*Asks:* 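Have a look at this one before I ask anything.
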2 protein chains.
Amino acid sequence: MSTSSAPVRMTRQRAAVADALEGTDEFRSAQQLHETLRTRGDAVGLATVYRTLQALVDGGEVDVLRTEDGESLYRRCARREHHHHLVCRRCGRTVEIDGPTVEAWAAMVGAEHGFGEIEHTVELWGTCRDCREA
Amino acid sequence: MSTSSAPVRMTRQRAAVADALEGTDEFRSAQQLHETLRTRGDAVGLATVYRTLQALVDGGEVDVLRTEDGESLYRRCARREHHHHLVCRRCGRTVEIDGPTVEAWAAMVGAEHGFGEIEHTVELWGTCRDCREA
DNA sequence: CAACCGGCTGAGAATCGTTGTCAACTTCAG
DNA sequence: CTGAAGTTGACAACGATTCTCAGCCGGTTG
C-alpha cells in the first residue's frame, strides 16, 4: 500500500516562490510576492503563487496570518515549532516570539468552559522603529 | 467649534439590527443577521446591516472578530472594557474572558523590540460541549 | 534518447464577503 | 407641517482568493 499522495514535482515556479520567501523575513502577501517575482524576471502566474503558498502552509514550511482587512500574509519562519509574531503593520517586519504560558492558559480556559479542540490566535501588531521615524 | 459629527437618527432598520444582536450572545455574521431579520419580518437591506454593524463597532457597542476564512462576526458583549473570547467554531456560542496579563505582556514584548502602538489579537476557538455531542 | 503519464501552469472566469453609488425616502428640528 | 439632511436599498463595483481546463513539462520507463 501507499499513502497515495501524489508525487511532488520541483518546478521553476515553485522554486521561485520558495526563493522569494527565503529572501525576506517579513510577512508578505501573495500579491506582493507575485509582483516581486514578476519584477525580478521569473514571472509566475498569480494562481500558482497562491497554490504554492497554500501547499507550503499545509506542509508547515510557511506561516500565515491575516491582516485586519482580511488579506493573508506569508512568511518563512525560522522555527517550525508553534510560536507567535510581533509584526510591523507598516512594513511587515517581524519578530518571532513565544508565549510560554499562552498554550497552557488557552487549554485551561477552554476546558474550564467545556470547550474542546482549543486553538488560539495570538498575534501582536505594532509599528517598528524605522517606520515610525520615516 | 464643533465635532461636526452628523446627528444620528434612530430608524426602524437600526433598531432592528440592534435588537437582533440583543437577542443572542453568539457571534453572528452580517449575512446571518440579515437573514434572521428577513425571516423575522423586519427586512433590512444587506448594505444597511453592514453599515449599522460598522457604526456599532466604531462606537464600541459591538465586538468584531474574523473567522479563519475571513468572514467578520459580530456580537454585543456584556462588558465594554477590553477582553477576549472563547468562541465555538461550530455555533458561535461565546464566553468572554480576560487575560489579565496579556496586555502587559504585549506592551512589554513590543517595547523590547522597539515597536510602538502595540495592538494584540488574542482569541480562542474551540467546540462547545453541545456541538461536540451533536 | 524518445515516448508517455500525470502532475503543473496560467489566463481568465467565477466566488464571495463587503463596500460604493445614487435616487427615493424618512426623521426630526423649527 | 415643511424642508434640509441623514438614511435606505437594489445593484454595481471591488478585491482577494479559488476554480477551470486546455496546453505544458518533469521524470520515469523502455
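These numbers were taken from a predicted model, which means no experiment stands behind them. Numbers restart at 1 for each chain; the letters A, B, ... are given by sequence-line order, proteins then strands.
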*Asks:* Under 4.5 Å between side-chain heavy atoms, hopping through other hydrophobics if needed: is there a path connecting Ile97(A) to Trp105(A)?
*Replies:* yes
*Asks:* Which distance, rounded to the nearest 0.5 Å, do you find between the CD of Glu96(A) and the CG of Leu86(A)?
*Replies:*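 That separation rounds to 11.0 Å.
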*Asks:* Linking I/L/V/M/F/W/Y whenever their side-chain heavy atoms sit closer than 4.5 Å, directly or via other members, would Val95(A) and Val62(A) fall into one cluster?
*Replies:* no
*Asks:* If you compare every side-chain N and O of Gln13(A) against the phosphate oxygens of dC8(C) (OP1, OP2), does one of them come in below 4.0 Å?
*Replies:*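 So the side-chain polar atoms of Gln13(A) never come under 4.0 Å of the phosphate oxygens OP1 or OP2 of dC8(C).
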*Asks:* CD/Glu123(B) to NE2/His84(B) distance, rounded to the nearest 0.5 angstrom?
*Replies:* 7.5 Å
*Asks:* I need the residues from residues 22-34 of chain A with at least one non-hydrogen atom less than 4.0 Å from DNA chain D; give them sorted by number, or say none.
*Replies:*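 Within this stretch, Gln31(A) sit under 4.0 Å of the strand.
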*Asks:* Is there a path of hydrophobic side-chain contacts, each under 4.5 Å between heavy atoms of I/L/V/M/F/W/Y residues, joining Phe27(B) to Val122(B)?
*Replies:* no
*Asks:* Check salt bridge (Lys or Arg N to Asp or Glu O under 4.0 Å) between Arg93(A) and all other residues, then give those that pass, not counting sequence neighbours.
*Replies:*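 Partners of Arg93(A) by the salt bridge (Lys or Arg N to Asp or Glu O under 4.0 Å) criterion, ordered by chain and then number, come out as Asp130(A).
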*Asks:* Hey, could you give me the CD/CE distance between Glu103(B) and Met108(B), rounded to the nearest 0.5 Å?
*Replies:* 13.5 Å
*Asks:* Kindly compute the distance separating CG (Asp19(B)) from OG1 (Thr36(B)), expressed to the nearest 0.5 Å.
*Replies:*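 Between atom CG of Asp19(B) and atom OG1 of Thr36(B) there are 11.0 Å.
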*Asks:* Please give the angle, rounded to 10 degrees, between the axes at the start and the end of the helix from dC1(C)-dG30(D) to dG30(C)-dC1(D), where five pairs define each axis.
*Replies:* 20°
*Asks:* Contact list please: residues 47-75 of chain B against DNA chain C, heavy atoms, distance less than 4.0 Å, in numerical order.
*Replies:* Ala47(B), Tyr50(B), Arg51(B), Glu71(B), Ser72(B)
*Asks:* Sugar-phosphate means primed atoms, P, OP1 and OP2; the rest is base. With that split, encode nucleotides 25-30 of chain C 5' to 3' as B, S or - using protein heavy atoms under 4.0 Å.
*Replies:* -BBS--
*Asks:* Which one of Arg89(B), Arg90(B), Arg132(B) satisfies the side chain to side chain donor-acceptor pair (under 3.5 Å) criterion with Thr127(B)?
*Replies:*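 Result: among Arg89(B), Arg90(B), Arg132(B), Arg89(B) is the only option passing the side chain to side chain donor-acceptor pair (under 3.5 Å) with Thr127(B).
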*Asks:* Would you give me the side-chain donor-acceptor pairs under 3.5 Å for residues 52-61 of chain B, sequence neighbours excluded?
*Replies:*
residue: Thr52(B); atom: OG1; partner: Thr48(B); partner atom: O; Å: 2.8
residue: Gln54(B); atom: NE2; partner: Asp58(B); partner atom: OD1; Å: 3.1
residue: Glu61(B); atom: OE2; partner: Arg80(B); partner atom: NH1; Å: 3.3

*Asks:* A quick test of your reading: do over 12 heavy atoms of other residues, nucleotides or ligands sit less than 6.0 Å from CZ of Arg40(B)?
*Replies:* yes
*Asks:* For Gln32(B) and Thr24(B), what are the C-alpha separation, side-chain angles and deciding distance, and is it a side chain to side chain contact (heavy atoms under 4.5 Å, CB included)?
*Replies:* CA-CA 12 Å; Gln32(B) 286 179 317; Thr24(B) 177; over 6 Å; no
